[in-house]
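Below, chain A is the first sequence line, B the second, and so on; all start at residue 1. Note that the coordinates shown come from a computational prediction; the quantities given were computed from them, not determined experimentally.
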Amino acid sequence: MNGEKAANLLKEFQPDENGFYGRYGGAFIPEMLYANIEQLKSRYLDIIAGAAFKKEYFSLLKDYVGRPTPLYLAQRLSAHFGASVFLKREDLCHTGAHKINNTIGQILLAGHLGKKRIIAETGAGQHGVATATVCALKGLQCVVYMGEKDMARQAPNVARMKMLGAEVIPVMSGSKTLKDATNEAIRDWIGNAKDTYYLIGSVVGPHPYPDMVARFQSIISDEIRKQLHEQTGTSLPDYVLACVGGGSNAAGAFYHFLDDRQVQLIAVEAAGHGITSGKSAATTQLGTDGILHGSRSLVMQTEDGQVVEPHSISAGLDYPGIGPLHAHLFETGRAKFLHATDTESVAACIQLARMEGIIPALESGHALAALAQLQLKSTDKVVICLSGRGDKDMENFALEMLNT
Amino acid sequence: MFDQKSSPVLNVFCTAGYPGADSTPEVIQALQESGVDMVEIGMPYSDPLADGPVIQQVNAIALDNGMSISKLFHDLQDIRKEVHIPLMLMGYLNPVLQYGFEKFCSDAAAIGIDGLIIPDLPDYEFEKNYKQVLLKYGLDFIFLITPETSEARVRRLDSLSSGFIYAVATSSITGNENVWEDVIVYLQRIASFHLNNPVLLGFGIKDHKGFHIASKYAAGAIVGSAYIKALSGDSDIKSLTGKFVRHILGEVEAGNL
Ligand SMILES: Cc1ncc(COP(=O)(O)O)c(C=O)c1O
């Protein structure tokens, strides 16, 4: 995304021409989507490298989204964990999460492709809100698919999407969560391939989506490098931590550090009630090689290849797969995968609220919870991607505080 | 696959493990007895991306019934004692990969399956990793084309296919409505390419009118959701199937069509 620097930085972790990161990736799609995927594949790199695109993308990120987001040295949290802990404040983005970095990029791309109708899937509703927002900004029709279960547990975001003029379609199939919302969005796209652009919310789906979304989110690590350098004199932290649902905030936070081996990249998955509880969403721990939503990756599935219903308290992490880049980072060991339970995440959110005056999203709480699992030295610099704010999760937090 | 046949081909789709856990052989036999030329056996999957609500729902029922690829092969081990029409397996790639692609082909060939339809297996992957395995076990592989598929690509998919070409009537999921005037123009365009494989029309064919158009402008039709719907009545499989097939062939209610 950021010119030559990005291109130079990423050698090993760039997908090949068919969208494979090692064994993972590709575009396993029915013929009905071939023309659309082909068009995207052949044009996305040129479009996003174009001067007009870049100008509009970066000016919207600055003046509309409010970037750069701060890199904040959390003093009390640092004292508590005995290291310098920095928070990359994606929660301060317009709409309250990192998701909008991607939707701004893709809505401009959709414009270049002449598409008039935008569809999206959403779990926590943050991607749905970010999509509804950019559609309002561009005057485009917006349809968001959301699992019925997620609509209930993220009600404030449903209201926001509606206020922004989007149509929110409840999805009743399967687990009624993110996986099924994604299926339904793909079915819509199959039926409306000509005029519709599918705006995917994470680094998942068929090639070129994983690479495209990673590039749009890479602004996160681009800023971290610069900000850390300004604040500490070095651009390289010892650790970068991010939660992983599909993996877009993690991909963005890791992107410009991938080739800097001394930076330890930590992806944090949702353990739900615990890895072995049967109610978990920790894909690298529980998944095997498979195909989900058009790409080969790690997938939580039965021996018969049926996708299993995951569980996480956070709707944004309640997904039985991960993006192919992350499967590759896991396999090669470039990133380390940790996990945090529902309870640990809620506790970490409450801790952050009381120590730093910041209420994070339940998703981000997983990354925060993993801090306690690291063997930190006092000289360590740790950057946590605070992917979103917690307003949408207040009901959950209120319940927890009632119980304690 | 059906070289000898000059009259139109009727290929009917059923979902393994539906309506009952063990009813697959009975359904296939009922279809043969009713005069169907070919059966496409759907292997249920938790996430059938290209399917509409009807087939999604029976996929879920079949999985609840305990259907799996292993069970299907077990249920069909003696199918060739009774059934001589071509049998195709249709399904999504993931369950097939978990079973093991080569083992899948070997077991399918052993029970007398003729070919495979796997809509989410793209052509370049097919050529690189799977074509040789299919050849080894003598299985046909059928690619889909849509009204949006370019001539060059139709020709490429035709050259990779054997058995027949599956022409999707309208770019959509299964079980949708078709605009027949558009379908005819599309089939005429495909016919003008003089492909190596016969072309069967599928998606949204639910009555004699659709079958008639598919027969006139292509080699025949594939009927899926409509049959699945018809099976949900409360009489027995054999009589429901017979009645449904006669309806598609125009042998009943022809006056209304
Ligand atoms: C605040 C927040 N963080 C993280 C995620 C997980 O998505 P990803 O792994 O793509 O960053 C979501 C998804 O909805 C989210 O809303």
Do any N or O atoms from the side chain of [X] and from the backbone of [Y] form a donor-acceptor pair under 3.5 angstrom?
X        : Y        : result
A/Gln306 : B/Pro44  : yes
A/Arg187 : B/Asp51  : yes
B/Ser46  : A/Val307 : yes

Report task. Select all residues of residues 297-305 of chain A having any heavy atom within less than 4.5 Å of some heavy atom of chain B, and report them by number, or 'none'. Result -> A/Gln301, A/Glu303, A/Asp304, A/Gly305
Requested in this report: Search all heavy atoms of B/Asn94 against all heavy atoms of A/Ile291 and return the closest pair with its distance.
Outcome: OD1-N, 2.9 Å
**Report entry** Contact summary for A/Gly26 and B/Tyr124, nearest pair of heavy atoms
**Finding:** CA-OH, 4.0 Å
What part of [X] gets closer than 4.5 Å to chain A, counting heavy atoms only: side chain, backbone, both or neither?
X        : result
B/Tyr166 : neither
B/Phe143 : neither
B/Ile69  : neither
B/Tyr45  : both
B/Ile173 : both
B/Ala50  : both
B/Ile118 : neither
B/Asn176 : neither

Among [options], residue most engaged with chain B (heavy-atom pairs, under 4.5 Å):
options                               : result
A/Ile186, A/Asp289, A/Leu33, A/Asn183 : A/Asn183
A/Ala193, A/Gly191, A/Pro206          : A/Gly191
A/Ala35, A/Gly294, A/Ala27, A/Gly174  : A/Ala27

Query raised in the report: Using a cut-off of under 4.5 Å for heavy-atom pairs, which of B/Ser68, B/Pro53, B/Pro48 has the most such pairs with chain A?
Result: B/Pro48
Query raised in the report: Can you name the one residue among B/Val168, B/Asp120, B/Leu157 that meets side chain to side chain contact (heavy atoms under 4.5 Å, CB included) with A/Glu31?
Result: B/Leu157
Query raised in the report: Just wondering, more than 12 heavy atoms not from B/Gln57 lying within 6.0 Å of its CD?
Result: no
Query raised in the report: Above 12 or not: heavy atoms from other molecules or residues under 6.0 Å from NZ of B/Lys229?
Result: no
Report summary line: Turns out that what part of A/Tyr34 lies under 4.5 Å from chain B's heavy atoms comes down to side chain
**Report entry** Atom group of A/Asp188 that falls short of 4.5 Å from chain B, counting heavy atoms
**Finding:** neither
How long is the span from the [atom1] atom in [X] to the [atom2] atom in [Y], to the nearest 0.5 Å?
X        : Y        : atom1 : atom2 : answer
B/Asn59  : A/Ser173 : CG    : OG    : 11.5 Å
A/Ile190 : B/Leu49  : CD1   : CG    : 6.0 Å
B/Asp47  : A/Asp180 : CG    : CG    : 6.5 Å
A/Lys194 : B/Glu148 : NZ    : CD    : 4.0 Å
A/Met32  : B/Ile145 : CE    : CD1   : 12.0 Å

**Report entry** A/Glu184 side chain reached by B/Gln56 side chain, heavy atoms, under 4.5 Å
**Finding:** yes
Query - Results of ring pair (Phe, Tyr, Trp, His ring centres under 6.0 Å) for A/His207 - residues two or more places apart only - result: none
Requested in this report: Apply side chain to side chain contact (heavy atoms under 4.5 Å, CB included) to B/Gln98 and A/Thr288, showing your working.
Outcome: CA-CA 9 Å; B/Gln98 297 316 308; A/Thr288 51; 4.2 Å; yes
Requested in this report: Sequence neighbours left out, what passes salt bridge (Lys or Arg N to Asp or Glu O under 4.0 Å) with A/Arg296? Give chain and number order.
Outcome: none
Requested in this report: Return the set of residues passing side chain to side chain donor-acceptor pair (under 3.5 Å) with A/Asn36 (not counting sequence neighbours), or none when no residue passes.
Outcome: none
